Amino acid sequence: MNIIDSSFYKRDTVLVAQDLLGKTLVRYYNGIYVTGIIHETEAYRCSDDPASHAYRGKTQRNSAMFGPVGHSYVYFIYGVHFCLNVVARSQELQAGAVLIRSLLPMQGIPLMQKARKRMTNLANGPGKLTQALCITREQNGIDMTQEGQLFIVDTGIIVNKKDYRSTPRIGLSMAQDVLWRFYVPNNAY
DNA sequence: CTGGCGATGAACT
DNA sequence: GTTCATCGCCAGC
């Protein structure tokens, strides 16, 4: 198993968001591996990014974004859902994270179906993916560069520049001019 | 297929 | 009080 180490995340957040496409997110839960290929991400930086939780500095909620790279940042949104990020930034940034928005389910699909209470659309959205993988605030701040309950591996899938699209990020009223959402089109779930 | 809307908590003005 | 890095249901094409 080829776990991605912290040097991968110690680069520009936008670059890391692009390079995470094609990597595999692994959730080890109740003795079962639930995995999926990452195929949609968004980059969030800090004081240079009005749409980022870290824009106004460190708070209790976003403190993980200021912590070690390669760790998880899980937050609760709209009173209903959790969203999973990986902390990533270059030296000069104080904070930054990549939102994982969508997965192509691979292993443990029956468990995802049970967690989601449906058979399809298991992980094609940030709130859906955390539900499918049973990720809550308890998984906030986990070191995802170590084998454990949550980590990311490289299975050798190459996603070239021509294989993905760049668009404005979803659900924002601010900063719609930067194309920091990346996704691989043509999903088949 | 599309659009409207309620659910419901945390952070901020 | 308002906004928010969302989702699923329902109505109406």
Side-chain angles (χ1 to χ4, degrees), chain A residues 9 12-21 23 25 27 36 38-67 69-89 93-105 111-142 144 150 152 164-189:
Chain A
Y9 302 104
D12 179 21
T13 310
V14 176
L15 202 58
V16 174
Q18 294 168 9
D19 288 350
L20 275 174
L21 297 173
K23 305 293 188 283
L25 179 65
R27 170 78 165 122
I38 297 168
H39 87 150
E40 182 180 349
T41 61
E42 284 177 5
Y44 287 89
R45 303 215 298 202
C46 52
S47 50
D48 62 339
D49 181 5
S52 172
H53 287 170
Y55 180 57
R56 292 167 213 280
K58 193 170 171 178
T59 65
Q60 186 161 20
R61 176 173 69 158
N62 69 20
S63 65
M65 288 183 76
F66 292 79
V69 298
H71 286 221
S72 62
Y73 167 43
V74 180
Y75 65 88
F76 194 49
I77 189 67
Y78 294 118
V80 190
H81 298 287
F82 294 98
C83 290
L84 172 66
N85 299 248
V86 195
V87 179
R89 61 172 180 275
L93 293 185
Q94 295 177 353
V98 176
L99 171 67
I100 298 176
R101 287 192 57 87
S102 163
L103 297 178
L104 180 59
L111 224 69
M112 295 193 205
Q113 289 170 329
K114 193 176 168 193
R116 292 273 298 124
K117 299 181 172 61
R118 65 191 60 240
M119 300 304 282
T120 58
N121 293 330
L122 298 175
N124 57 338
K128 302 180 198 180
L129 149 182
T130 52
Q131 191 183 14
L133 270 55
C134 303
I135 293 170
T136 69
R137 351 168 182 274
E138 289 176 23
Q139 277 70 48
N140 186 38
I142 287 178
M144 296 176 71
L150 190 63
I152 300 177
Y164 68 84
R165 308 282 163 79
S166 306
T167 75
R169 291 169 292 180
I170 303 287
L172 303 180
S173 52
M174 318 276 293
Q176 291 174 338
D177 52 324
V178 292
L179 306 181
W180 284 355
R181 169 175 175 254
F182 307 102
Y183 75 102
V184 182
N186 189 26
N187 327 349
Y189 294 105

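Per chain, numbering begins at 1; letters A, B, ... match sequence-line order. Everything numeric in this text was worked out from a predicted model, so none of it was measured.
Taken to the nearest 0.5 Å, the OH atom of A:Tyr183 stands 12.0 Å off from the CD atom of A:Glu42. Separating the NE2 atom in A:His71 from the CE atom in A:Met144 is a distance of 10.5 Å, to the nearest 0.5 Å. To the nearest 0.5 Å, the span separating CG on A:Leu93 from CZ on A:Phe66 amounts to 10.5 Å.
Taking only side-chain nitrogens and oxygens, A:His53 never comes nearer than 4.0 Å to OP1 or OP2 of B:dA11. Taking 4.0 angstrom as the limit, A:Arg116 places a side-chain polar atom (N or O) nearer than this to OP1 or OP2 of C:dG8. At B:dG9, none of the side-chain N or O atoms of A:Arg61 fall inside 4.0 Å of OP1 or OP2 (strictly under the cut-off). For the pair A:Arg118 and C:dG8, the criterion of a side-chain N or O lying under 4.0 Å from OP1 or OP2 is met.
When distances are taken from the side chain of A:Pro126 to each of B:dA7, C:dC7, C:dA5, the shortest belongs to C:dC7. Picking from B:dT13, C:dG8, C:dT6 the nucleotide with the shortest atom distance to the side chain of A:Arg56 gives B:dT13. Distance from the side chain of A:Tyr75 is smallest for C:dA5 among the nucleotides C:dT6, C:dC9, C:dA5.
For A:Lys128 and A:Gly171, each mapped to the nucleotide of DNA chain C holding its nearest heavy atom, the one lying further toward the 5' end belongs to A:Gly171. Between A:His81 and A:Ser173, the residue anchored nearer the 5' end of DNA chain C, judged by the nucleotide with its closest heavy atom, is A:Ser173.
At the heavy-atom level, A:Tyr78 lies under 4.0 Å from base atoms of the strands shown.
Summarising the geometry, the separation between OH on A:Tyr73 and P on B:dA11 is reported as 9 Å, rounded to the nearest angstrom. Here the P atom of nucleotide C:dG8 and the CG atom of A:Leu129 are 12 Å apart, to the nearest Å.
Checked against A:Tyr9 for a side chain to side chain contact (heavy atoms under 4.5 Å, CB included), the options A:Val87, A:Val98, A:Ile152, A:Asp19 give a single hit: A:Ile152.
A:Ser52 and A:Arg45 are not linked by any side-chain donor-acceptor pair at a separation below 3.5 angstrom, with hydrogens and angles left out of the test.
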Handout entry: Dot-bracket line, read 5' to 3' along DNA chain C, where crossing pairs take [ ] and | marks a partner on another strand, Watson-Crick or G-U under 3.5 Å
Key = ||||.|||||||.
